[in-house]
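Working notes for the structure below.
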Number of protein chains: 2
Amino acid sequence: MTDRPAVAPAMRHRSMRDHNLGVVLGEVARRGTVSRAGLAVATGLTKSTVSSLVGELVAARLLVAEGRTGEGERGRPGIGLALDGGHVAGLGCEIGARRLAVAVVDLRGRTRVRLEQVGTNRRSPAAVFDELAALAAEAERRATAQELTLVGAGLAIPGLLDHSAAGRGRCVVAAPNLGWRDVPLDPYLADLPPRTGLPVAVDNEANLAALGELRLGAGSGHPSFLVVTGEVGIGAGLVVGSGLYSGADGFAGELGHVVVAPGGAPCACGGRGCLETVAGLPALLRAAGLDPDGGLTPLLDALDLPAGDPAGDAARTAVDEGAAGLALALTAAVHLLAPGLIVLGGTLAALGPVLVPRLDAALAAQVGALRGTAPPVTTSALGPDAAVLGAALGVVDAVLADPVRIMPA
Amino acid sequence: MTDRPAVAPAMRHRSMRDHNLGVVLGEVARRGTVSRAGLAVATGLTKSTVSSLVGELVAARLLVAEGRTGEGERGRPGIGLALDGGHVAGLGCEIGARRLAVAVVDLRGRTRVRLEQVGTNRRSPAAVFDELAALAAEAERRATAQELTLVGAGLAIPGLLDHSAAGRGRCVVAAPNLGWRDVPLDPYLADLPPRTGLPVAVDNEANLAALGELRLGAGSGHPSFLVVTGEVGIGAGLVVGSGLYSGADGFAGELGHVVVAPGGAPCACGGRGCLETVAGLPALLRAAGLDPDGGLTPLLDALDLPAGDPAGDAARTAVDEGAAGLALALTAAVHLLAPGLIVLGGTLAALGPVLVPRLDAALAAQVGALRGTAPPVTTSALGPDAAVLGAALGVVDAVLADPVRIMPA
């Protein structure tokens, strides 16, 4: 028999403390506030072990005593333990086609700093990363002023990433809407504040938007959902079992390049008839007779014009055709990925009132008959900030899952 | 912060023996033959612990001493340990649209029994399961004659399965090509030999075909690939990181219902223009002017006719159109799922010489530009047996991963 997966490592005692620090911290994160006695019951660890682990986590400023709980022994209230939201935080960064954004999120998931700079990033990577580093440094100053320590950074990029490019570290394979191809990232990432020495976690913007929605947005409470992000391009991030699915090579979720118009218009990716050529923002604007670089507002204004107005009718026809294309691509996504919910983000969220009823109807007709029901379509609560918040939350989650990475041995 | 995933359970000592039995067995499965000393090095367990675990696994007839290895202490050869292929085995069953199949596979992945019964299964589930139980009983008799003990069964079904239908146990939600909808399975499964009392593992046939290809076929050695199975319907099973991906609800991989002809012919699923209406075997036969229930051979014969022969030309046009539809659906699958390899199985494998070059060219044009390369397309080595072998291997894998399920406590 061949190709058996590598077995899980045998349990040894040496790593138990590290493992159990994460178990205790994760249990607190899940419950909000809990006593030492409650932690012992939940984890199966002895009370003395829990006390020792809690002591280390408090010293590392990851946990803090907060109020009392009813979970103490013999009905006496215990001292409550909660995540310490006042000290450790993660930095999220995003390079969008038309803006840079940074955000600082604390251990409790609260956004503490948020900065944005609007302008095209269809420029050299060096110029874009210079500006991003300046924005990140400003965010770090503002975090420090709030007594926060940034323990790591995450970065969202609208493109395909190779995390193991032979000999060159991590690379952007292709980011058509930035005009980037084969860009090694590690030299730029090393200079990005907060320069902790820990690697910056880079991911596709749709994947990080999905993480943001999972923790703070429309995906909260849903074990499985697909986030569709629309800006110049269209991407998708899938959460399954409360974790991100990104395929073997990280290239999964490229909804924007599903073919919805065979033999149709050429796409920036090199293909033809991709969803982006029908439902990307520039495509919608062009089809509506508007400036393709003019942003979303003129389109929303045109959609508000009364029936019979030529500009209004053109905008409605353009959005109808975009919705039909999006419905075809989402039909493929539902059949192949089987999400329980579809969340529209970015510019697609702003078009939600027009898009959602059309998509619901199309999915009911095309997938509802086979499956009994089609997944509902909703719009993002985080709007354009989902990805940058997701990037910061990725740092926070990594600390909660494995706190020793920022603790003394 | 909401919706944090449940934390991993804290490590406790009680379950270590159970866990480490699986670690040792898995290590032997991965290496083929290994000494006790080699196992101690590979697992990090002490030699006395390894010896004790090995003793239990030999007593349970899961491991057997076999030859010698060069891995003993100080260069002396050690006694080799290997999986015991002579005693424990798994039963695989498959309900196809047009056949029933059963197979017995031993711990070493060798097929020891294989039986098939041809005929439509577009009948009542009771009638189909009666015949399947008789076939399974015959397989069990033949396995017993070879001194094999069947420790469990797996079943492949060409449809959507609900593993948690409220109050009704496991159900077939929809199997359009069997004409089944909302069929509770547990009453039938309880009567299926070998009646071990352990639950029968039921899965979609494409998922189990992917497992078969992973272990024994074209997927062997590939960490990520998509198996496309074609019979009356078309399904897909995805392997990522050497494990099956089946979505949150198990409904993922329904490639046959990706829309490739918007507004096209009605499909058995209730939708229109699905891939099955263009590239399923009855659709190909109909488009070629052949009897849609006549099986693959007349189509292959027609494809062999010289150019200019009307029957041959009709067959070639039909397959060209099927290939174009399949290319569109696979483009969506590559962009959404990102497999590293595409394996054509079932009737699609038989059409491989015609399909593969067309699919390679279409994928290179549509996804190669963005990603640098498109995943290669190949044909299955297991042909129509991939799913039934996968069902049996699922039983074997479950034993190797967690041997205590068939061992005394």
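Numbered from 1 within each chain, the chains take letters A, B, ... in sequence-line order.
- For the residue pair B:Gly270 and A:Ala369, the shortest heavy atom distance occurs at CA-CB, 3.8 Å.
- Highest contact tally toward chain B, considering only A:Ala174, A:Ala268, A:Cys269, is held by A:Cys269 [criterion: heavy-atom pairs under 4.5 Å].
- Scanning for side chain to side chain contact (heavy atoms under 4.5 Å, CB included) contacts around A:Thr46 gives A:Ser48, A:Thr49, with sequence neighbours left out.
- The main-chain N or O of A:Tyr245 is never found under 3.5 Å from a side-chain atom of B:Tyr245 such that the two would form a donor-acceptor pair.
- Residue contact with chain B, scored on non-hydrogen atoms closer than 4.5 Å, involves the backbone and the side chain of A:Ala333 alike.
- Rounded to the nearest 0.5 angstrom, A:Gln366 CD and B:Cys267 SG are separated by 8.5 Å.
- Scanning residues 254-264 of chain B against chain A with a 4.5 Å non-hydrogen threshold yields B:Glu254, B:Leu255, B:His257, B:Val258, B:Val259, B:Pro262, sorted by number.
- Residues B:Phe251 and A:Leu370 fail the side-chain proximity criterion, which asks for heavy atoms closer than 4.5 Å.
- For the residue pair B:Ala252 and A:Ala338, the shortest heavy atom distance occurs at N-CB, 3.6 Å.
- Within the 4.5 angstrom heavy-atom criterion, atoms from both the backbone and the side chain of B:Ala332 approach chain A.
- Residues passing the side chain to side chain contact (heavy atoms under 4.5 Å, CB included) test with B:Ala82 are B:Thr33, B:Glu66, B:Arg108, sequence neighbours excluded.
- Between the A:Arg371 side chain and the B:Val173 main chain, no donor and acceptor come within less than 3.5 Å of each other.
- With sequence neighbours excluded, no residue forms a salt bridge (charged side-chain N to carboxylate O under 4.0 Å, His left out) with B:Asp402.
- When heavy atoms are compared at a cutoff of 4.5 Å, A:Leu336 approaches chain B by way of both its backbone and its side chain.
- Of the two parts of A:Leu238, only the side chain, counted from C-beta on, holds a non-hydrogen atom closer than 4.5 Å to a non-hydrogen atom of chain B.
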